[in-house]
Amino acid sequence: MDIDARIKRRRRRDGGPRLVQDYESLSPVAHIDEPSDRGPAFERLLDHLDPVFDGRLPPNAYISGPFGSGKSAIVTALFAHLKQLSTETQSVIHTSTRAASPPSPGFVYVDMRETTSEFAFYHTVLDTLVEDPVPEHGISTEQLRTRLHDLLNGSRTGVVIAVDHVGEPNSADAEALIDLFAGLPSNVSWLAIGRTDPDQTLLTEYTATSLQIQCYRRQMLVDVLMTRASEGLAQQALNHEQARRIADWADGSAHDALAAIFVAADRANRADQNRLTESDVTAAIEETPRPSVSLGRVLALPNNKQLVLRELVDLDSEDRATVTATTKAIGSKPSVDLSPGTVKRYLYEMAEVGIVERIQSDSKNGKGRPPSRVELRFPPTAFRRLYDLQQ
DNA sequence: GATCCACGGGAATACACGGATG
DNA sequence: CATCCGTGTATTCCCGTGGATC
C-alpha cells in the first residue's frame with residue numbers, strides 16, 4: 001500500500017470503524033504496486049529485459065496467460081519501476097551526463113483497451129516519452145509519427161513499449177499491432193501481452209521470446225485476497241474460510257476472485273455490517289457470471305456506453321425482456337441524452353464484443369423475428385459501485 | 001483552421017412465420 | 001411436399017456531421 005492510500009484510510013476513519021476502508025485497494029481493476037507471490041514470473045520477465053541494464057534493447061516478446069492470471073499486474077508494476085530507471089539515466093529526453101551507469105532505454109506502457117485508434121496509440125507513446133503534454137486535437141496522426149521519428153532517431157538507447165490487451169474484441173489484433181510498429185523507427189522493442197496462446201497468434205513470428213504466465217494457484221489466490229482485504233477492509237472483516245471459498249470458486253482468476261470480494265464487501269457495507277457473512281459471499285458468487293468479461297474492459301468503454309450500462313444494471317426484468325424494451329427504458333432516463341437508435345446500437349455493439357450477451361427469448365408471440373434480451377457478463381454491483389466512484 | 005472521433009440516422013440485410021404456388 | 005413470397009420485426013452496417021479542443 002502506498003502512502004497516499006494509508007493516509008486516505010486514516011482520514012476516512014473519522015466516522016468510526018467502517019467495513020470498507022478503501023475501495024481502491026479492493027478494486028479488481030486496480031493493480032497494486034507489489035503483486036505478491038509472483039516472484040518467478042518477475043524473474044523470467046527480467047531475464048528477458050536484462051539487456052536494458054547494459055543500455056541495450058531486448059528483442060520483441062509476447063507474454064500470454066489466461067484471464068486473471070496477473071499479466072497486467074506484473075507488467076504495469078515492473079514498468080512503473082523501470083520508468084524510474086530511465087528517468088534517472090535521462091535516456092530519451094536528454095543526453096546522459098552520468099558516466100557511472102549506462103543510459104537505459106525508455107519504457108512505455110500502452111493499454112489497448114483505452115487506445116482505440118492509430119492516433120491514440122502514437123499519442124500515448126509520444127506523451128509518455130516527452131515532458132510537455134502532447135495536444136490531443138488539432139494535430140494529425142502523421143505529425144505524431146514524424147515527431148516520434150525525430151525523437152527516437154536522436155536516441156541512442158531506444159525504447160521498450162509494452163502493449164497490453166492485444167487481441168481482445170475491439171482492440172488491436174496482431175496484424176494491426178505489426179502495422180502500428182511499422183510506423184515507428186527500428187530502435188523500438190515491443191512486449192505484447194494477450195490471452196491468445198503463443199502458437200495461435202502470428203505475433204510470435206516477430207518475437208524471439210514468448211513467456212507464459214500460469215493462472216494463480218489456489219493458495220496464492222487466498223493470499224492475494226487476504227492481502228487486499230487487509231488493505232481495503234476493516235480488521236477481521238474477511239476470514240480465511242471465506243477467502244478459501246472464493247478462491248476455490250474463482251479457479252485461478254484473480255479478477256473474478258477480487259470482483260467477488262468487492263461485491264461481497266459492498267453488500268455487507270450497505271447492510272451496515274462490520275464483517276462479511278456467508279450470505280454476502282454467496283450472493284457475490286451468484287451475481288458474478290462465469291466466464292465474465294473484465295471490468296477493466298467495461299470501464300474503458302466510451303462514457304456514453306458506460307452510462308447506458310449504468311442504467312441497464314438498474315432495470316427490472318420487465319424492461320430487460322427485449323432489446324427494444326430495454327432501449328425504450330434506458331432512452332427515457334433523464335440522464336441519458338442519446339437517441340433511441342444510438343442506445344439500441346450501443347446495446348448490439350456491446351453484445352457483439354461480449355460486454356453483454358444476447359439471449360434469444362423463447363416466447364414466440366407470432367409475428368416477425370423473435371426478439372432477444374441482453375444479459376450482463378459482469379457483476380452488476382461491482383460495476384455500479386466502480387462507475388459511481390469515478391463520477 | 002485543423003484534427004479526431006463519437007453520434008445520429010437510416011439503409012441494407014437477416015430472420016421467422018404463414019400462406020400461396022408449382 | 002418443397003419452394004417462394006410478403007410482411008413484420010430484429011440486427012448489422014455504413015458514412016456524413018458536428019462537438020470539442022488545440
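Nothing here was measured: the structure is a model prediction, and the numbers come from that model. All chains are named by letter (A, B, ...) in the order of the sequence lines, taking the proteins before the strands, and each is independently numbered beginning at 1.
The interatomic distance linking A/Tyr348 (OH) with B/dG9 (P) rounds to 18 Å, in whole Å. For the pair A/Leu301 CG and B/dC7 P, the interatomic distance rounds to 11 Å; values are reported in whole Å. Distance, A/Asn303 CG to B/dC5 C1': 13 Å, rounded to whole Å. Between A/Lys305 atom NZ and B/dC5 atom C1' the separation is 12 Å, expressed in whole Å. Look at NZ on A/Lys367: it is 12 Å from P on B/dC17, rounded to the nearest Å. Distance CG (A/Asn304) to P (C/dG19): 15 Å, rounded to an integer number of Å. Protein atom CG of A/Leu144 is 13 Å distant from nucleotide atom C1' of C/dC22, rounded to whole Å. For the pair A/Leu307 CG and B/dA6 P, the computed distance is 15 Å after rounding to whole Å.
With hydrogens and angles ignored, the 3.5 Å screen pairs a side-chain donor or acceptor of A/Thr128 with a backbone N or O of A/Thr124. Remark: side-chain polar atoms of A/Asp280 are paired, donor with acceptor, to backbone N or O of A/Thr277 under 3.5 angstrom. Put simply, the side chain of A/Arg290 gets close to the backbone of A/Ala250: a donor and an acceptor are under 3.5 Å apart. Within the 3.5 Å criterion, the main-chain N or O of A/His165 finds a donor-acceptor partner in the side chain of A/Ser171. A donor-acceptor pair under 3.5 Å links the side-chain atoms of A/Arg377 to the main chain of A/Pro291, judged by distance alone.
Nearest-nucleotide positions on DNA chain C for A/His137 and A/Glu352 put A/Glu352 closer to the 5' end. Both A/Gly138 and A/Glu118 sit near DNA chain B, but only A/Gly138 has its closest nucleotide nearer the 5' end.
In this structure the side chain of A/Arg320 never reaches within 4.5 angstrom of the side chain of A/Glu375, judged on heavy atoms. With contacts defined as side-chain heavy-atom distances shorter than 4.5 Å, the pair A/Lys328/A/Val343 does not qualify.
Distances shown here put every side-chain N or O of A/Ser372 at or beyond 4.0 Å from the OP1 or OP2 atom of C/dA10. Applying the 4.0 Å criterion to OP1 and OP2 of B/dC4, one finds that A/Thr141 has a side-chain N or O inside that range.
With 3.5 Å as the limit, one finds no donor-acceptor pair spanning the side chains of A/Thr322 and A/Thr324.
When heavy atoms are screened at a 4.0 angstrom cut-off, A/Thr116 is found touching no nucleic acid atom at all. A/Phe119 comes within 4.0 angstrom of sugar-phosphate atoms only, judged by non-hydrogen atoms across all strands, and of no base. Using a 4.0 Å heavy-atom criterion, one finds that A/Pro302 contacts no nucleic acid atom at all. Among the protein residues, A/Ser117 comes within range of the sugar-phosphate backbone only, with heavy atoms under 4.0 Å from sugar or phosphate atoms but none that close to a base.
For DNA chain B, the residues of residues 335-345 of chain A within the heavy-atom distance limit of 4.0 Å (strictly under) are A/Asp337, A/Leu338, A/Ser339, A/Thr342, A/Arg345, sorted by number.
Closest to the side chain of A/Pro370, out of B/dA16, C/dA10, C/dC22, is B/dA16. If you check B/dC4, B/dC7, C/dT12 against the side chain of A/Arg358, the one that comes closest is C/dT12.
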